[in-house]
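A quick write-up on the structure given underneath.
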Amino acid sequence: MKRAFILVLIIAATGCANRSTFIEPSSRADRMLFFAEQDRMGEMHPISSTTLEDKETTRVPSPALVDIDSLIHINVRKPPGTPAQDLFRGEADALATDKASVLDLMQKLDDVIDARQNAFDAYRGGNPGDDFDKLVIDSSQMTRDFIKKFLERHPRDSDVYKAATKAVGKGGLHKLKPFLQSEIDDIQKKDELIKDRARLRSTSLVLEAFLDAPGDELTALHLKGYDNLAEGRVATRNRTGLKLSEQEREDLSRQIKATEDIARTLDSVRAKEKSLQIGVRDTLVIVAPELAKQVEEAEMIAGRLRDPQRIANMKADLQRATEMAKSQTDNLSDNMRIRLDALTATLGTVLKEEAGGLEEVLLIIANASQVEQDWDRVREAHNLEAIPDLLGRMDDLNRSINKAFIKLPGWLRDAGDISELLLSGQVAGVQGDVSEAFVSWIESSAVTETMSGAQSYYADIQKGIGVINEVGRILKIGSVDVARIAPNVPEAFHVDIEQLQDTLLDLRRVPGEDGDTILVRARLYDPGREPTEATSSFEITHYDYFARLVPSVVLVRPDEIASGADGFRFAPALGWMHHYRPRPEADSWYANFARPLQVAAGMHAIFLNFDNESGIGLGGTISFWNDRLQFGAGWNLSAQSSDEGRHYFFVGSDLIGLLQAVGIGN
Amino acid sequence: MILNNDRDELDTALSGDFSVCVLRGSVDSTPGSVHNCLEGNWGPQPWNRWFLITNPDLLTDEEVLNWFGDIPGIDYVFLGRLTKTITSNGSAKNDLLVDGECDFIMYYDKFAEADMQ
């Protein structure tokens with residue numbers, strides 16, 4: 001009884017609805033934004049405060065739960081304490097006028113060229129008449145007007161005019177286009193400069209929004225008036241849960257199959273055909289098949305890394321390279337010998353046979369990476385002059401690695417020694433035959449094979465690290481869940497503080513799913529200060545009515561059966577569950593009842609197997625905590641009589657959802 | 001076209017719907033340079049004509065008086081396409097060259113002015 005109670009508590013904990021959370025506004029940027037949600041029925045709900053009346057930001061959503069089909073209104077206000085900024089407005093306006101004038105000239109030029117061509121064509125037509133005269137007169141008038149305007153911008157004694165008239169002699173009036181275009185470009189540049197200057201002297205805001213869906217890159221979302229991103233299309237979401245997209249259908253189909261497999265596995269455990277341990281492992285693999293793949297991959301990589309033949313070959317190659325280096329360094333300077341010794345020592349560390357444990361793996365990765373880069377640069381350069389620069393970079397690398405792996409004193413000591421050896425002495429003076437000997441050593445088969453072995457070993461280690469990360473991602477452990485840093489959106493622009501406007505985030509245009517997060521980041525640029533940043537977040541959920549198809553694993557029992565066991569057995573079921581999730585501010589008796597229990601009701605189909613006879617049952621289900629705990633009863637359509645198990649009842653759970661809630665599977 | 005011995009081409013241009021530019025001077029003179037420019041690839045209309053009169057005797061006294069005012073500094077004249085009235089005249093050096101180089105934009109302007117009349 002106690003165990004059952006604990007189990008129900010756990011189930012309830014995973015199924016309880018999240019609640020909106022807020023933090024206190026702390027910066028000017030926080031207080032600039034006031035969020036309000038407009039639900040799909042058009043009703044407004046405050047987010048940034050408890051009331052819509054004065055739109056005073058008293059809390060920052062972190063995250064606030066919003067309905068998946070709602071509109072988020074973002075009221076953007078000038079932060080308190082920002083002086084009016086009209087700097088450079090005059091210059092910017094003058095440039096805008098200038099640009100319009102050149103654009104007008106460009107248009108006039110196009111018109112002139114067309115008009116002259118029309119007159120020319122009429123002339124060539126061989127029947128010049130009144131229309132022809134008109135064409136000639138019109139095109140001539142346009143030509144003169146254009147030239148007059150052009151001369152107003154560029155008098156005859158100006159350099160631009162001289163270059164322009166010269167260009168016309170090489171093909172006609174259309175050769176003036178590049179001149180006008182370059183003028184437009186120049187104005188554009190000046191405009192940008194002025195904007196930059198203005199930005200430095202005035203306050204501006206950059207507002208960006210992102211969709212954060214687990215397992216995907218952050219997607220930038222359009223905010224009208226604040227970026228040039230394309231607006232997404234409005235997607236109609238069906239809240240009855242029956243009109244599925246292709247992806248949803250695929251997911252459901254996969255989940256149903258997994259549910260069947262889990263039910264079969266668990267029933268084998270119940271029937272003592274499998275141990276509990278094997279059953280749990282099999283269940284995990286069913287829920288997260290990619291886990292099994294990663295485990296298999298990890299075992300394969302581990303085998304390759306431990307392969308004694310591979311290590312022996314690498315050691316033999318290293319031995320050859322070392323001996324060759326020794327024989328070739330007889331005639332080299334002491335400095336060069338030190339360097340070669342250091343390189344071979346590093347190689348030796350890479351191939352350390354007794355490597356075991358994380359520290360050693362990290363040591364190998366760090367050293368191999370270092371040697372690899374070292375090697376590539378020297379080999380590409382083919383001369384010793386590249387070495388000083390290379391050593392400088394290696395020193396930088398060493399410093400960063402030292403910093404990163406400060407907890408590994410043994411490795412630090414080795415790395416420090418190697419670095420010191422490599423950096424000591426002069427290399428610039430080493431010339432001629434020394435260089436030749438060095439290059440021939442680098443290019444020898446002993447060395448290239450050693451390096452190729454080390455590189456392949458390093459690649460395997462990298463793959464191994466990748467597998468570890470992937471397993472972490474699947475199980476949602478380790479560093480994979482750290483908050484993701486939203487990148488800068490290139491399409492977002494600085495909006496002058498005097499030109500702020502309200503904007504809107506239309507979630508119907510956002511391809512998000514239940515549980516995804518929306519981030520809105522505001523960066524306030526004050527002159528001469530670091531930008532102030534404020535991030536608000538929203539979790540997408542379903543409020544009010546929605547329904548969905550829920551595959552579940554249930555423990556089902558016939559009410560009565562004449563022969564065979566009448567106890568509980570595992571079976572897969574598919575429910576069509578209807579939910580009503582009250583909004584946070586709802587205060588009715590039903591809202592207060594439904595909110596903590598997450599009640600849903602619906603109907604189900606179940607695959608039965610009473611007394612080794614398969615059948616399908618239909619019935620009703622009532623569920624709690626987001627379908628985590630289900631109770632159902634129904635009729636076995638295959639049973640001929642009551643004692644063949646015509647009536648049944650069950651207790652179950654959407655096991656996949658439960659496992660996903662604790663971080664297993666996707 | 002350089003006219004030295006006869007003025008048939010000039011007469012043809014003057015009797016048809018052509019805008020005409022008449023330059024007077026030797027081939028090596030400033031009007032001669034402008035004539036060279038006009039012979040280039042600058043995109044005149046097919047009803048534009050230009051002549052360099054190297055032999056002053058080819059022009060009548062009336063033409064000289066009307067077109068050039070018998071002023072030595074005036075060495076070019078543009079005549080309207082339909083009316084053959086003077087649309088502009090003056091010093092080729094000042095009006096049709098810039099820094100001694102061909103001023104093609106001006107040729108467009110002068111011929112356009114002549115084309116309208």
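Order of the sequence lines sets the chain letters (A, B, ...), proteins ahead of strands, with each chain counted from 1.
In the model, Tyr161(A) has a side-chain atom that pairs as donor or acceptor with a side-chain atom of Asp103(B) under 3.5 Å. Residues Asn89(B) and Trp67(B) have side chains that never bring a donor and an acceptor to within less than 3.5 angstrom of each other. Side chains of Asp496(A) and Ser204(A): a donor-acceptor N/O pair is absent below 3.5 angstrom, by distance only.
Both the backbone and the side chain of Ala119(A) come within contact range of chain B, judged by heavy atoms closer than 4.5 Å. With a 4.5 Å cut-off on non-hydrogen atoms, Leu38(B) does not touch chain A at all. Neither the backbone nor the side chain of Phe146(A) comes within contact range of chain B; no heavy atoms are under 4.5 Å apart.
Of the charged side-chain nitrogens involved, at least one lies within less than 4.0 Å of a carboxylate oxygen, so that Glu63(B) and Arg7(B) count as a salt-bridged pair.
Of the listed residues (Ile137(A), Val136(A), Thr143(A)), the greatest number of heavy-atom pairs within a distance under 4.5 Å of chain B belongs to Val136(A). Between chain A and the residues Cys37(B), Pro46(B), Gly40(B), the most heavy-atom pairs under 4.5 angstrom are made by Pro46(B). For the options Leu176(A), Leu173(A), Asp157(A), heavy-atom pairs under 4.5 Å to chain B are most numerous at Leu173(A).
A cation-pi arrangement is not found for Arg521(A) relative to Phe210(A), the charged atom failing to lie both closer than 6.0 Å to the ring centre and inside a 45° cone about the ring normal.
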